[in-house]
Amino acid sequence: MDLSILVIQGDGIGTEIIPQAQQVLRVVGRRFGHTFSFEEYEAGGAALDHTGAALPEETLAACLTAHTVLFGPVGGPKWDPLPPTERPEQALLTLRGKMDLYADLRPIRMFPQLSHASPLLPQFAAGGIDLVLVRELTGGIYYGSHDIRLHNGQSVASDIMSYTERQVERVARTAFEMARKRRGKVVSVDKSDVLSCSRLWKNVVCRVAQEYPSVQLNHMLADSIAMQLMRNPWQFDVVLTENMLGDVLSGEAAMLTGSIGMIPFASLGNSTEGIFGPIHGTAPDIAGQNIANPLAAILSAAMLLRHSFGLQEEADAVEKAVNRVLDDGYRTVDILSAGCVPVSCSKMGELVAGAVLSPQIYRKIARGLPAPATASGKGRSTQRTGRGRRQKEKEE
Ligand code: NAD
């Protein structure tokens, strides 16, 4: 297949992690006989500097005709003083709106190899975390008007939050469909004790639930789920939230799994079109050092293969390669623990790409690295004997 992907590398660590995802996609092409072509465009801070707009017309037009967009994070301290509507982050918000992508899927999964990196106590981390957060993307307070003005001699700020029934209905269906393919449970999040938007949200979600009798629906207030995610995260299957609450809760849930550098997103609508990327930001504190974790970006490439192109086997191969590299004890610094081998962002990308391609090439790349003392936090040596190595290759 000839597969075309529009790429926006973004700002900060975006220019380091997105090329790793592209590298992995290229080797997926080599192994499975596809040709990936990447069309690169600018958005975010870099675009603001070069063109004066966070989402230049040319980028917007290209995205609207593209099937699939790989989107690196945008923004940074340099552009923080700008008003919200002119900031780099507006590029992604506008793009999601224009492409009518209304549901953000965020699989929050704890890789067992990384349970030590979770801030949860070991007895809680051992329960594992495997939930999908479905966040509404085109409504709520992020899309309302934002205003700061002087009133009676003091500054007064306001942000308008609104939702239509249709906006809630369609994202609720996404969540129920997802739950039907998983463990059959949806928790819908709101602040219906305070907000009118939440009361509408809750009513519409209840109505949609009637179409899905096999799915169990529960409601939780946002403050309650913030606590339950810490206390008992494995109770959740699909979590359905409005836009801003989803943004906040996904940061919390992601961190429970060890690092925000592990979690991808897929912004989807009614078709197979989508925007894919890591949920984290541009990490200005570590940008330019080649130490960022590229696995969220790489895992977003797996989501892209699965959702946009229907390439299940290829997506599985990428996820399996990530598992292999983690199993063998290679870690970027954000997920590093005793006994594991620290690797750079680019080396992590190379390892995953090698593991996708073939065991021989993977071993060749790993040969130059020190051997981990223990792998996966399981205390298993990764310095395999010839026999152990042959067995591993056979499994693949
Ligand atoms: P951030 O996600 O960039 O960083 C938070 C912390 O996590 C930092 O300590 C950072 O070093 C670490 N981190 C994030 N990604 C990592 C990775 N892949 N590997 C290792 N460590 C990683 O959040 P922030 O600092 O609040 O935001 C920085 C900028 O990014 C802001 O301008 C913000 O608006 C923007 N942002 C953009 C997006 C997007 O475009 N999708 C999303 C979130 C934040």
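Atoms within each ligand, like the ligands themselves, are counted from 1 in listed order.
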Show the short N or O contacts, below 3.5 Å, that ligand 1 makes with protein N or O atoms; if there are none, say 'none'.
unit_1, atom_1, unit_2, atom_2, d
ligand 1, 2 (O), Gly281, N, 2.7
ligand 1, 3 (O), Gly281, N, 3.4
ligand 1, 3 (O), Thr282, N, 3.2
ligand 1, 3 (O), Ala283, N, 2.7
ligand 1, 9 (O), Asp285, OD2, 2.9
ligand 1, 11 (O), Asp285, OD1, 2.8
ligand 1, 11 (O), Asp285, OD2, 3.1
ligand 1, 15 (N), His280, ND1, 3.4
ligand 1, 18 (N), His280, NE2, 3.1
ligand 1, 18 (N), Asn293, O, 2.9
ligand 1, 19 (N), Asn293, N, 2.9
ligand 1, 30 (O), Thr282, N, 3.0
ligand 1, 30 (O), Thr282, OG1, 3.2
ligand 1, 32 (O), Gly76, N, 3.0
ligand 1, 32 (O), Glu89, OE2, 2.9
ligand 1, 34 (O), Glu89, OE2, 2.3
ligand 1, 40 (O), Val74, N, 2.9

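- Using a 30° and 60° split on the angle between ring planes, His34 and Phe32 fall in the parallel class, below 30°.
- If you take CG on Leu256 and CD1 on Ile129, they are separated by 4.5 Å, rounding to the nearest 0.5 Å.
- Sorted by first and then second residue, the salt bridge (charged side-chain N to carboxylate O under 4.0 Å, His left out) pairs with a member in residues 212-226 read Lys191-Asp223; sequence neighbours excluded.
- Note on Glu169 versus Arg173: salt bridge recorded, some NZ/NE/NH1/NH2 to OD/OE distance being below 4.0 Å.
- Classification of Asp130 and Arg109 as a salt-bridged pair fails, no side-chain N sitting under 4.0 Å from a carboxylate O.
- Electrostatic pairing of Asp100 and Lys98 does not count as a salt bridge here, judged by no charged N lying under 4.0 Å from a carboxylate O.
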